Trainee: 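Before we start, here is the structure in question, set down as structure tokens.
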Amino acid sequence: MSFWGKKLILLTFCALFAGAAFGQDWPVPAPTPDTDVTCNTPGCSASEKGKKLWPYSSPLTKFVGRYADNTTQQWEFVPTGTARTRQIYFSPRNNRIYMILGGIVAAYDMDTFFTRLAGGEAMTPINGLNGIKAGPGREKVFQADRIFYPFQGWSEGFSGGDGERRTYRPDFDDRGNVYIPADAIGWGIVKDDLGKGGGAMTSLYREGISTNRCMSVKTTDGNYYAYVLYYSDSTISRTQKVVNVNDVTSPQSVGGGVPIFKDFAKNADGSRIAVLDNDGIRVYTNDAIVRGGAPIVQFRASFGNIASDGTNFFAATLAGTNPVIHVIAPDTAGSYTKTTHTLSNVGIDTGITTAVSVFSNADSGGYLTMVGFETGFRGYNVRLYKMTNLVPTEVSLNGYVARHYERGSVQTGYVTPGKYIDFLEANSVHV
């Protein structure tokens, strides 16, 4: 993570196979810009010792801290899957940050997370998290305020199987309930009491059917629903159902629901929900999405993902090798209008990937981040854009993310942890 002005850029990576190294402690960047750091910690191999890490520069002004360290952790399945850093989800209404660490759902208080990080609080071994059963010497993460690990909390009746990841995108409602799709373990609802200082979320309900999508929806009449997608493998959903969860301990199927989707984003109050499938993006009212109603509007294209700043929705496609940012904004007619912005100065290696992802949230302060595998860096890079009147203007990070982390962009005399890193996400938060 790097602090820029009053914007904190959260960089989320998934560490790849790293051999049998259990010791962590990859070097952190210097607290000040334009400062080299020498690779001399236990996480540095013999061939990496004495080399430098690429430094950040203006407009990045301060490195705040690291919330997970697993760049040298091998694949592990039991008793705890490796806590790979995956996605981050923000819940301003609950003042919560929810993170996926391998299969663990970790909840952090949004205010104290940043002050604790800036204060230099040390990370804890994964087996130091409340209730987690793990072997000694495992990777380290920032102590969560509340956690839930489905593989251990819902393991009854589960026959096993390989895989570190037991958890896909969670969702949450304004009652403190968290809806967790947990792969072959099933899906369920846990209670986050929004407390601080460590502790486990309480399981309220579980259904043991393979699930990779859960979405919480509150309709205008005050009813609560969960939209659940079941799947036949890890990428293709095949069945769906909508359940009433007014009583979270006893959900009742009500049928209905819109066609199956792969990703979703909500506006700040949840009254508009955009869903993404292979055909494009559809925007619904929260009432229509659970009752099988028609979308407000639909945009057809091959988008990488869908994001929202609380008012507008964002997505990206490719025009040849150049990213195109799509801004889907509400209009005066009660619908949405899409405008596009082609980034001609960015080249994406379409031999590696045909997708570009963009990220925003209600606390991003008008910023948008983009992740893509760039030809110029021979690796993944993160770019930051200021949205002024919904037009993106790049705030150059001088290629820092690619140069610091990606092995394809390593400079002579420098070293990166890139052989263990696969970029997933980056986000900005106003603090």
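These figures come from a predicted structure and were not determined experimentally.
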Trainee: Strictly by modelled atom types, are N267 and S308 linked by a side-chain donor-acceptor pair under 3.5 Å?
Mentor: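 Their side chains do not contain a donor-acceptor pair, so the 3.5 Å distance test is not met.
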
Trainee: Using ring centroids (six-membered ring only for Trp), state whether Y227 and F261 fall under 6.0 Å.
Mentor: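 That pair passes the under 6.0 Å test.
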
Trainee: State, without any angle test, whether T339 and H326 hold a side-chain donor-acceptor pair at a distance under 3.5 Å.
Mentor: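 Side chains of T339 and H326: no pair found under 3.5 Å.
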
Trainee: For residues Y98 and D192, is any side-chain donor paired with an opposing acceptor at under 3.5 Å?
Mentor: yes

Trainee: Between I306 and A274, which heavy-atom pair has the shortest distance, and what is it?
Mentor: CG1-CB, 4.0 Å

Trainee: Could you label the plane-to-plane angle of the Y380 and F373 rings as parallel, tilted or perpendicular, counting under 30° as parallel and over 60° as perpendicular?
Mentor: perpendicular

Trainee: Test side chain to side chain donor-acceptor pair (under 3.5 Å) on N95 and D111 and set out the steps.
Mentor: CA-CA 7 Å; N95 202 42; D111 294 329; 3.1 Å; yes

Trainee: Do you see a donor-acceptor pair shorter than 3.5 Å between the side chains of S271 and D269?
Mentor: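 The answer is yes; a qualifying pair exists.
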
Trainee: Could you tell me if S344 and T342 have a donor-acceptor pair between their side chains, going purely by distance under 3.5 Å?
Mentor: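 No, no side-chain donor-acceptor pair sits under 3.5 Å.
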
Trainee: Under the criterion side chain to side chain donor-acceptor pair (under 3.5 Å), I'd like the reasoning laid out for S360 against S364: C-alpha separation, chi angles, the key distance, then a yes or no.
Mentor: CA-CA 6 Å; S360 187; S364 63; 3.2 Å; yes

Trainee: How about W154 and F148: are their ring centres within less than 6.0 Å of each other?
Mentor: yes

Trainee: Under 6.0 Å from the six-membered ring centre of F142 and within 45° of its axis: does the NZ or CZ of R116 meet both?
Mentor: yes

Trainee: Looking at N278, N212, D277, which one forms a side-chain hydrogen bond (donor to acceptor under 3.5 Å, both in side chains) with K262?
Mentor: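 The option that passes is N278.
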
Trainee: Counting only N and O atoms by type, is there a donor-acceptor contact under 3.5 Å from the side chain of D145 to the main-chain atoms of G197?
Mentor: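 Yes, D145 side chain to G197 backbone: donor-acceptor pair under 3.5 Å.
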
Trainee: Under 6.0 Å between ring centres, would you say that holds for F172 and Y179?
Mentor: no

Trainee: What do the steps show when you test R93 against D173 for salt bridge (Lys or Arg N to Asp or Glu O under 4.0 Å), and what is the final call?
Mentor: CA-CA 9 Å; R93 284 180 294 179; D173 64 26; over 6 Å; no

Trainee: With sequence neighbours excluded, what pairs up with V391 under the side-chain contact (heavy atoms from CB on, under 4.5 Å) test?
Mentor: H341

Trainee: Determine the minimum heavy-atom distance between P33 and T61, stating which atoms define it.
Mentor: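 That closest heavy-atom pairing would be CD-O, 3.4 Å.
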
Trainee: Please identify which of these residues, Y400, Y414, Y405, F377, meets the ring-ring contact (aromatic ring centres under 6.0 Å, His included) condition with W54.
Mentor: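 Option passing the ring-ring contact (aromatic ring centres under 6.0 Å, His included) with W54: Y414.
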
Trainee: Going by the rule salt bridge (Lys or Arg N to Asp or Glu O under 4.0 Å), which residues pair with R378 if we only count those two or more places apart in sequence or in a different chain?
Mentor: none

Trainee: Has R282 got its NZ or CZ under 6.0 Å from the middle of the six-membered ring of F264, at an angle within 45 degrees of the ring axis?
Mentor: no

Trainee: Return the set of residues passing side-chain contact (heavy atoms from CB on, under 4.5 Å) with N305 (not counting sequence neighbours), or none when no residue passes.
Mentor: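 Partners of N305 under the side-chain contact (heavy atoms from CB on, under 4.5 Å) test: D263, S357, V358, F359.
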
Trainee: Quick one: do T112 and T115 satisfy side chain to side chain donor-acceptor pair (under 3.5 Å)? Show the steps, please.
Mentor: CA-CA 5 Å; T112 59; T115 56; 5.4 Å; no

Trainee: Can you confirm whether more than 12 heavy atoms, excluding those of K191, are under 6.0 Å from its NZ atom?
Mentor: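 Yes, NZ of K191 has more than 12 neighbouring heavy atoms, counting only those of other groups under 6.0 Å.
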
Trainee: Set out, in order, the CA-CA distance, both residues' side-chain angles and the distance that settles salt bridge (Lys or Arg N to Asp or Glu O under 4.0 Å) for E394 and K386, then state yes or no.
Mentor: CA-CA 6 Å; E394 184 171 6; K386 173 66 175 177; over 6 Å; no

Trainee: What pairs with D349 under salt bridge (Lys or Arg N to Asp or Glu O under 4.0 Å), at least two apart in sequence or on another chain?
Mentor: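 D349: no salt bridge (Lys or Arg N to Asp or Glu O under 4.0 Å) contacts found.
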
Trainee: Identify, with sequence neighbours excluded, every residue that meets side-chain contact (heavy atoms from CB on, under 4.5 Å) alongside S210.
Mentor: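 For S210, the residues satisfying side-chain contact (heavy atoms from CB on, under 4.5 Å) (neighbours in sequence not counted) are A184, Y231.
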
Trainee: Output all residues satisfying disulfide (SG to SG under 2.5 Å) with C214, sequence neighbours left out; order by chain, then residue number.
Mentor: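 Per chain and number, C214 pairs via disulfide (SG to SG under 2.5 Å) with no residue.
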
